[in-house]
Amino acid sequence: MEDIKVVSNRISDTVGRLGVDKAQFSVAQSETREFNVEGGEFSLFRTLFDNELALTVYHQNKKGSAVTNKLDEASLEAAVEGALASAESAIADEAYDIAPGQGEMCFHDSGYEPDLDRFFERTRELLEDIGKRHPKIMVKQVTAAHEKSHSIYRNTNGTQCEVFRGSYTVSLMFAGHEGDKTTSFFGAGVRVDDLDTRFIELGMIEEQLKDAEAQLETIPFEGKFEGTIVLTPDSLGELLQSILENFAGDPVILEKTSLWLNKLNEKVADERLTISLRPSDERIVNKSHITGDGFQEEDYDIIRNGVLRSFMLSLYVANKTGLERAKNSSSAVVVEGGQTPYKEMIQGIKKGIIVGRFSGGQPGTNGEFSGVAKNSFLVEDGQITGAVSEVMISGNLADMLLNLRDISKETVADGASVLPYVAFDKIVISGK
Amino acid sequence: MLDDLISGKEKLFSEGVHTELRAQENRSRSVSLIQGNLTGNVRAEVMGVSARVYKNGVYGFSSMAEYTPSAAEAVLQAATENAAFMDRHIQKGKGALPGIPAGSMPCKKEIMDTEQKRYIEFCKEVDAYIVDKYPKLSSRSVILSADSMEKLIYTSDGYNGHIASPRSYIYVFLNTESVSGAPLELFKALGGSGNFGDRFTDPALLFPEIDKLYERLMQKREGVYPEAGYKTVVLGGILSGMLAHEAVGHTVEADLVLGGSVAGPNLGKQVASELVSLVDYAHTALGKPAPLPVYLDDEGTPAEDVVLIRDGILTGYMNSRETAEQFGVKPQGNARAWGFSDEPLIRMRNTAVLPGKDKLEDIIASVDDGYYLIDTNNGQADLTGEFMFGVCMGYEIKNGKLARPILDTTISGVAFDMLKTVDMVSDEMTWSSSGYCGKKQPMPVGMGGPALRCKVMIGGR
């Protein structure tokens with residue numbers, strides 16, 4: 001294996017020798033150790049050794065990129081020359097740029113080195129816990145992986161960021177199963193940097209297992225009404241991703257198709273809602289430290305108390321539009337809990353459903369969504385009255401944020417995000 | 001193309017276990033023009049070697065991002081050790097996999113590279129046509145993606161082979177506003193299997209498709225929300241192909257059958273109207289090359305067609321060598337891996353509902369009150385066969401005639417219930433092969449079908 005400090009020096013030397021105006025690159029070596037479970041039984045143990053170089057050069061206001069996993073001297077030279085050739089064929093644009101020098105920095109995650117034997121035992125314990133506590137669960141698949149990487153980001157403005165990153169991830173796919181009855185599939189997962197806690201007790205794993213068992217007895221949902229939906233942290237995360245991509249991401253701002261295009265510093269959501277991206281939050285594992293443009297990452301709010309404070313823009317789109325760039329490029333979404341305990345939130349609902357997973361068409365830039373509320377439960381007069389199937393929900397993502405009903409006091413941290421349960425009114429709920 | 005640096009390493013395969021050794025390179029070239037701005041201009045090449053060893057019912061796998069004889073030796077040793085680790089801890093005690101015929105599969109396709117300049121110029125010409133002809137669009141994007149997989153495969157028993165599969169696409173996205181001012185988008189993927197130079201010789205050849213896309217987008221401006229409920233619809237071939245892949249195909253992948261899919265208790269039973277037959281084609285479909293031909297899988301099994309539903313009866317599953325043994329059938333080449341560091345999983349190849357005898361115009365004419373659903377931008381299904389597809393283009397059918405276009409909506413149903421409602425099947429196939437199937441790893445797949453008259457739940461407002 002090549003020493004990536006030597007590799008990064010070689011790339012910098014080649015960039016300098018070829019007279020490139022500006023360049024940035026990230027070079028990494030990674031190791032993955034992964035246990036797989038199929039059909040409830042251990043099936044595979046993988047060890048992977050990988051490299052990656054991602055390089056972008058800027059020359060005469062043109063940009064070209066190359067990605068390779070070959071780090072020998074000849075391949076590095078070819079990658080830089082290839083990126084430069086791509087740039088020379090490209091369209092000139094003065095908006096292309098990289099961050100000014102941020103200095104040198106180094107970060108080291110506590111979970112960098114794996115404890116493989118303990119990790120294997122924790123995974124085996126998870127299967128045993130599921131078998132004992134949830135006998136009606138059929139485990140389809142478990143992927144338990146420790147990934148570590150040593151990476152160096154550098155650019156021609158003098159920034160160097162070295163990161164030793166490592167963490168454990170566990171993801172499960174399972175279903176309730178009894179006789180010929182099978183529920184829809186459920187997915188759960190967490191990312192952690194230590195092995196101090198039984199996996200079944202992390203994130204929403206135990207909650208999801210209980211829900212899957214409860215879904216074995218469902219009633220088809222009939223009729224159509226406008227009511228309340230309660231999004232679990234998992235389903236909230238899915239819809240928030242659609243909201244942010246459709247209204248605040250690079251393409252929709254560059255294309256000017258975002259419904260929020262002219263709403264900076266205006267109200268776009270209920271005033272109780274704050275949506276932040278916080279890579280430095282202590283509940284987030286695998287923190288990111290440097291943006292794709294070379295800025296040191298800082299936390300920021302996209303929506304604060306219902307008011308749109310920022311888009312999620314790269315430096316390029318910020319330069320094209322005159323808007324402010326995003327202060328980080330992470331996906332560490334944090335929505336803090338509200339004042340109402342989850343139980344009380346449910347008690348206050350006249351008629352609605354709890355949505356475990358949204359399976360819908362990818363909402364477009366107009367925010368319209370419709371899809372199946374999978375793994376859902378009916379709420380009537382403040383009580384959860386049973387699991388329901390074949391329920392569709394539809395509405396508009398932008399309107400939904402303004403029709404927020406309540407935010408639970410409880411939040412769930414899975415290592416990648418921190419999210420509460422959130423209830424929204426005025427959603428069309430329909431069945432057969 | 002890959003030089004063979006791993007031939008001869010078979011002598012290092014351990015006795016009494018099944019071993020696969022694979023060298024692989026994945027290439028991708030992409031260009032993104034959003035509103036004429038070049039936001040992406042990337043060439044990527046990823047290669048390495050991997051080995052997988054099956055011992056007593058468990059697998060060990062290892063990969064390295066190096067393509068050298070010594071890297072091949074290192075991954076063989078690591079995969080063998082990993083299999084031993086699992087065997088020591090799990091002790092399943094299963095025997096060896098049944099043998100399959102051995103042989104050698106020569107490479108049937110060359111991977112040809114194209115200069116990045118050519119890709120950019122081609123996209124610029126397509127973009128210039130759109131700007132010039134349709135200045136009133138609110139925005140447009142032209143995205144080029146050319147990718148390829150090339151593999152050298154050596155197995156302890158089974159076929160060895162050299163396979164290469166390039167594909168090339170140009171995606172055109174057009175945006176406008178509805179009459180009420182809401183953003184509307186339609187896109188079209190143009191291209192398919194093959195090198196860029198084979199697929200795209202002249203930008204002008206794409207213009208008629210772009211014109212058709214624009215025409216549909218303008219119609220959609222006047223679109224209405226469909227009426228929510230359980231409706232008679234005519235599913236176009238793009239949607240019936242998605243149904244074949246998402247709602248049926250995944251449930252009949254043998255690993256998902258073992259994971260509790262609805263197909264488990266339904267083998268040999270009526271799961272669809274007798275008008276419905278469904279096949280996972282390997283490399284040739286209905287007398288023509290399949291959209292993404294597969295000749296050999298990564299376990300060394302030559303690829304054959306798998307008949308999944310014949311005349312409405314569920315007849316089979318797609319298997320790896322391990323699951324084929326469990327179900328007492330022969331493997332047919334469905335175990336495929338995406339990257340050099342990925343292990344083979346059971347994957348579809350070119351999955352399709354077979355055409356029938358009806359004419360599309362007769363099917364539409366037979367519907368008094370329903371919808372003709374043409375295109376989709378998204379689809380999901382789960383182990384129960386319950387599916388959800390986004391519909392981004394369609395029309396009302398009133399008294400046997402196409403009426404107003406509809407706005408984006410979603411359809412849903414349960415595959416083995418919905419397929420029993422199919423009572424007309426058109427005689428023409430529509431195939432698609434852009435994008436990836438996601439199942440732990442991405443994988444290029446083809447899917448297709450005729451138009452089907454059936455009943456589904458449709459969302460609305």
Working to the nearest 0.5 angstrom, can you tell me the gap between [X] [atom1] and [Y] [atom2]?
X: E386(B); Y: F185(A); atom1: CD; atom2: CZ; result: 11.0 Å
X: Y225(B); Y: S370(A); atom1: OH; atom2: OG; result: 9.5 Å
X: E255(A); Y: S138(B); atom1: CD; atom2: OG; result: 8.0 Å

Atom group of [X] that falls short of 4.5 Å from chain B, counting heavy atoms:
X: L53(A); result: neither
X: K320(A); result: side chain
X: F174(A); result: neither
X: T183(A); result: backbone
X: N246(A); result: neither
X: E52(A); result: neither
X: R33(A); result: neither
X: A85(A); result: neither

Exercise. Taking only Lys NZ, Arg NE, NH1 and NH2, and the carboxylate oxygens of Asp or Glu, determine whether E227(B) and K224(A) approach each other closer than 4.0 Å.
Key: no
Exercise. Before accepting this row, confirm whether a basic side-chain N of the pair K256(A)/E177(B) lies closer than 4.0 Å to the acidic partner's carboxylate O.
Key: no
Using non-hydrogen atoms and a 4.5 Å limit, figure out which bit of [X] sits close to chain A: side chain, backbone, both or neither.
X: A381(B); value: backbone
X: L33(B); value: side chain
X: N82(B); value: both
X: M47(B); value: both
X: L258(B); value: backbone
X: T39(B); value: both
X: D342(B); value: both
X: F340(B); value: side chain
X: E45(B); value: both
X: V414(B); value: side chain
X: E115(B); value: neither

Within the distance-only criterion (no hydrogens, no angle test), does the side chain of [X] pair as donor or acceptor with the backbone N or O of [Y] below 3.5 angstrom?
X: S63(B); Y: L48(A); result: no
X: N69(A); Y: V46(B); result: no
X: R46(A); Y: S341(B); result: yes
X: S62(B); Y: T47(A); result: yes
X: N41(B); Y: S86(A); result: yes

Compare all side-chain heavy atoms of [X] with those of [Y] and state whether any distance is below 4.5 angstrom.
X: L254(A); Y: N37(B); answer: yes
X: R43(B); Y: S65(A); answer: no
X: L44(A); Y: V58(B); answer: no
X: M392(A); Y: T410(B); answer: yes

Does [atom1] belonging to [X] count more than 12 external heavy atoms closer than 6.0 Å?
X: K117(B); atom1: NZ; value: no
X: K426(A); atom1: NZ; value: no
X: K439(B); atom1: NZ; value: yes

Exercise. Determine the option with the most heavy-atom pairs under 4.5 angstrom with chain A, choosing from V262(B), T376(B), L256(B).
Key: L256(B)
Exercise. Name the member of I90(B), L383(B), D408(B), V31(B) that forms the most heavy-atom pairs with chain A at distances under 4.5 Å.
Key: I90(B)
Assess, by modelled atom type and distance only, whether the side chains of [X] and [Y] contain a donor and an acceptor separated by less than 3.5 Å.
X: S184(A); Y: T384(B); result: no
X: E185(B); Y: T365(A); result: no
X: Q116(B); Y: S89(A); result: no

Locate the shortest heavy-atom distance separating [X] from [Y]; write the atom from each residue and the value.
X: K374(A); Y: D382(B); value: NZ-OD2, 2.6 Å
X: A90(A); Y: I120(B); value: CA-CD1, 4.0 Å
X: I91(A); Y: G36(B); value: CD1-O, 4.0 Å
X: M457(B); Y: G431(A); value: CE-O, 3.3 Å
X: D255(B); Y: E38(A); value: CB-OE1, 4.2 Å
X: Q380(B); Y: S359(A); value: OE1-OG, 2.9 Å

Quiz item: For the ring-ring contact (aromatic ring centres under 6.0 Å, His included) test, which of F61(B), Y59(B), F85(B) pairs with F45(A)?
Solution: F85(B)
Exercise. Please find out if less than 6.0 Å separates the ring center of H89(B) from that of F42(A).
Key: no
Quiz item: Taking every heavy-atom pair that is under 4.5 Å apart, which of L55(A), N36(A), L71(A), D250(A) has the most such pairs with chain B?
Solution: N36(A)
